[in-house]
Amino acid sequence: MTRDEIVAVFNSIADIMQIRGDELGKIKMYRNLAITLSYSLPDEILPPFDQSKLPKIQGVGPSTIEKIAELVDTGKCSYFEELKASIPSGVLDLMSINGVGPSTASRLYHELGIDSLSALQKAIDEQKLRNIKGMGKKTEENIKQGLSALLRHRQIKLMGYVLPVVESIISELKNAGFPASIVGDLRRKTETVKNAQILVISSDWIKVRDTLKNIKLIDNIYSDWNERGGSAKIVGDVELNAILTDPQNWGLSLVLLTGSEAHIAELSQLGFSPNIETYKGKSEEDIYTELKLQFIVPELREGVGEIELAKLGHLPDLIELDDVRGDLHVHSNWSDGHESVETMAEFAKKIGYEYICISDHSISSKIANGLDVERILNKMIEVREINEKIDGIEILMGAEVDILKDGSLDYPDNILEKLDVVIVSVHSGFNLSESEMTKRIIKAVENEFVHIIGHLTGRLLGKRDPYAVNVDAVIDAVAEKRKSFEINAYPDRLDLKDIHIRKAKDKGILLTINTDAHSISDLGFMKYGIYTARRGWLEPKDVLNAQPLKKLMDWLRRKI
């Protein structure tokens, strides 16, 4: 079981206690335990549980260890299950709404009897929330918007979480002797998908179905199977559609099932048709060649100009994961990261990075243990000492600095100028008007010490809509001031999105692909940022952290 899963259980215990109105001291104890475990436990604990492999953690007693052991060995915690059973399950669903925490969920439940999302919707329709003391019309409207966003996003699944599951299923099918490939939106690496599609070469649908039945990542096999394929449900409540084909139709099927409707429609205008005989035995590459097109990689098959460039042979030479030389947005246990600066740096060196920037939160991010001026100065000393200790990688000193509501920054300029990398982000005050938010961010862009604008739109895929901001106006400001946009590779963000990336590229802006990692395992999210960058047509020359250290430092110091 992963550390994050264990921490989530202890946080949920505290949530349920708060909803029930339990003793404040007990709630605080579990909150503190969750925080302690978040930076003390290893990334993953494998069964059978062995306490001797855990570090000694101050404040963690036998009862907590017993709960962790039960979670590791069984996947469940009986105490947590008992607590969950003490309130209607729908009350916990209320906290899936952005802005609704345990305190608000408790009031909705106890004061209005709201025990499900549908009950909440009914209460909103009847304008009952504004009658709760201290809530009012504005709070009711915020919860209404959050509920609407949640219901809208619930059917959407995140590429970054679906892809590794489907890749594992493909691997198991291949090991069983069935050539297979991901197709559809997931092969094009769209940020979200409604379902997953795979193409399998086989004439025996029963064997394919039975092979899938034995894969642990498959939750349920449906009864709709026949010679054309069938469907299943995989972990994460995702529908999987398997399409069967024969070897002679493999290339044609890949083209038809991968491209967007717009892409296929444009191919059709060039004479492409789903005629089996025409393309029998042809590969994908063969088909594009016959249409007198340069081969178009899946990420570009969207019908947004790629075919015209393919006619000329001028498609971009897209960035690859191996082009990345470092990560400029990484958190350590100085703020809300799980690992030390040294551990993050050593792992970055191990995966071949030339440099890494430790960019912890600034003081206003209280919930993320943001650093005040004294602590960031002490961190600078530590980073310098570790740099002298570790050969083969350069550790840069950075910060993710909050953009305050008025556009000023969370650190004074005399601190910012000491940093190698300054990333600025919005973490609060999401409800400003578009005009106010745009002015706020542009003011931050204009600060001479700022290098990178982090996760510009503030969205959390499937959870929180982007706040109102004029992206085009910010792109213009960033281009004018020669700053960089971050492509945040965290699967829940992927912010900037592909269409904005391409606009930034067209304006000559260098972009930075960062993981926003809080642990060494999070550094693996870089590939999702790469996929998004490729969908935005980026080449290595367009990406700041695809440059060698000297060129990076020259850019950061405004020498180029």
task: Tell me, yes or no, whether the heavy-atom count around I560 atom CD1, taken from other residues, nucleotides or ligands under 6.0 Å, exceeds 12.
output: yes
message: Tell me if the CD atom of E285 is crowded by more than 12 foreign heavy atoms within 6.0 Å.
response: yes
message: Within a 6.0 Å radius of atom NZ on K349, are there more than 12 heavy atoms belonging to other residues, nucleotides or ligands?
response: yes
- prompt: Regarding D246 and Q248, is there a side-chain donor-to-acceptor distance under 3.5 Å anywhere?
  reply: no
Please table the atom pairs, donor to acceptor, closer than 3.5 Å between any side-chain atom in residues 167-176 and protein atoms at least two apart or in another chain.
from : atom 1 : to   : atom 2 : distance (Å)
S168 : OG     : P164 : O      : 3.1
N175 : ND2    : S171 : O      : 3.3

query: Is it true that D185 and K194 have a side-chain N and a carboxylate O under 4.0 angstrom from each other?
result: no
task: Hey, can you tell me if Y288 and H263 have their rings parallel, tilted or perpendicular (30° and 60° cut-offs)?
output: tilted
side-chain hydrogen bond (donor to acceptor under 3.5 Å, both in side chains) between D224 and S231, worked out: CA-CA 7 Å; D224 59 350; S231 56; 2.6 Å; yes
- prompt: Between K76 and E81, is the closest basic N to carboxylate O distance under 4.0 Å?
  reply: no
- prompt: Going by the angle between their ring planes, with limits at 30° and 60°, are H518 and Y490 parallel, tilted or perpendicular?
  reply: perpendicular
- request: Measure from NZ or CZ of K527 to the centre of the six-membered ring of Y531, then state whether that distance is under 6.0 Å and the direction lies within 45° of the axis.
  value: no
query: With no hydrogens and no angle check, do the side chains of T457 and D495 hold a donor and an acceptor under 3.5 Å apart?
result: yes
- prompt: Is there a side-chain contact (heavy atoms from CB on, under 4.5 Å) between E290 and F272 once you walk through the steps?
  reply: CA-CA 9 Å; E290 287 195 10; F272 173 73; over 6 Å; no
Between S332 and D360: side-chain donor-acceptor atoms closer than 3.5 Å: yes
query: Would you say the side chain of I513 lies within less than 4.5 Å of the side chain of M526, judging by non-hydrogen atoms?
result: yes
query: For the side chain of R301 and the backbone of I296, is there at least one donor-acceptor N/O pair under 3.5 Å apart?
result: yes
- request: For residues T258 and R188, determine if any side-chain heavy atom of one lies less than 4.5 Å from a side-chain heavy atom of the other.
  value: yes
- request: Could you tell me whether E284 and R187 make a salt bridge, using a distance below 4.0 angstrom between a side-chain N and a carboxylate O?
  value: yes
message: Does this structure show an ion pair linking R502 with D498, if we count only N-O contacts that are shorter than 4.0 Å?
response: no
field: For K483, all residues meeting salt bridge (charged side-chain N to carboxylate O under 4.0 Å, His left out), sequence neighbours excluded
entry: none
- prompt: Can E539 and K505 be counted as an ion pair, charged N to O under 4.0 angstrom?
  reply: yes
query: Can you list the residues that meet the side chain to side chain contact (heavy atoms under 4.5 Å, CB included) rule with E277, with sequence neighbours excluded?
result: N275, K280
task: Kindly indicate, with the supporting measurements, whether the criterion side-chain contact (heavy atoms from CB on, under 4.5 Å) is fulfilled by N98 and D465.
output: CA-CA 9 Å; N98 184 49; D465 287 334; over 6 Å; no
query: Going by atom types only, do T289 and D286 share a side-chain donor-acceptor pair under 3.5 Å?
result: no
field: Sole residue of R459, R493, R535 in side-chain hydrogen bond (donor to acceptor under 3.5 Å, both in side chains) with E191
entry: R459
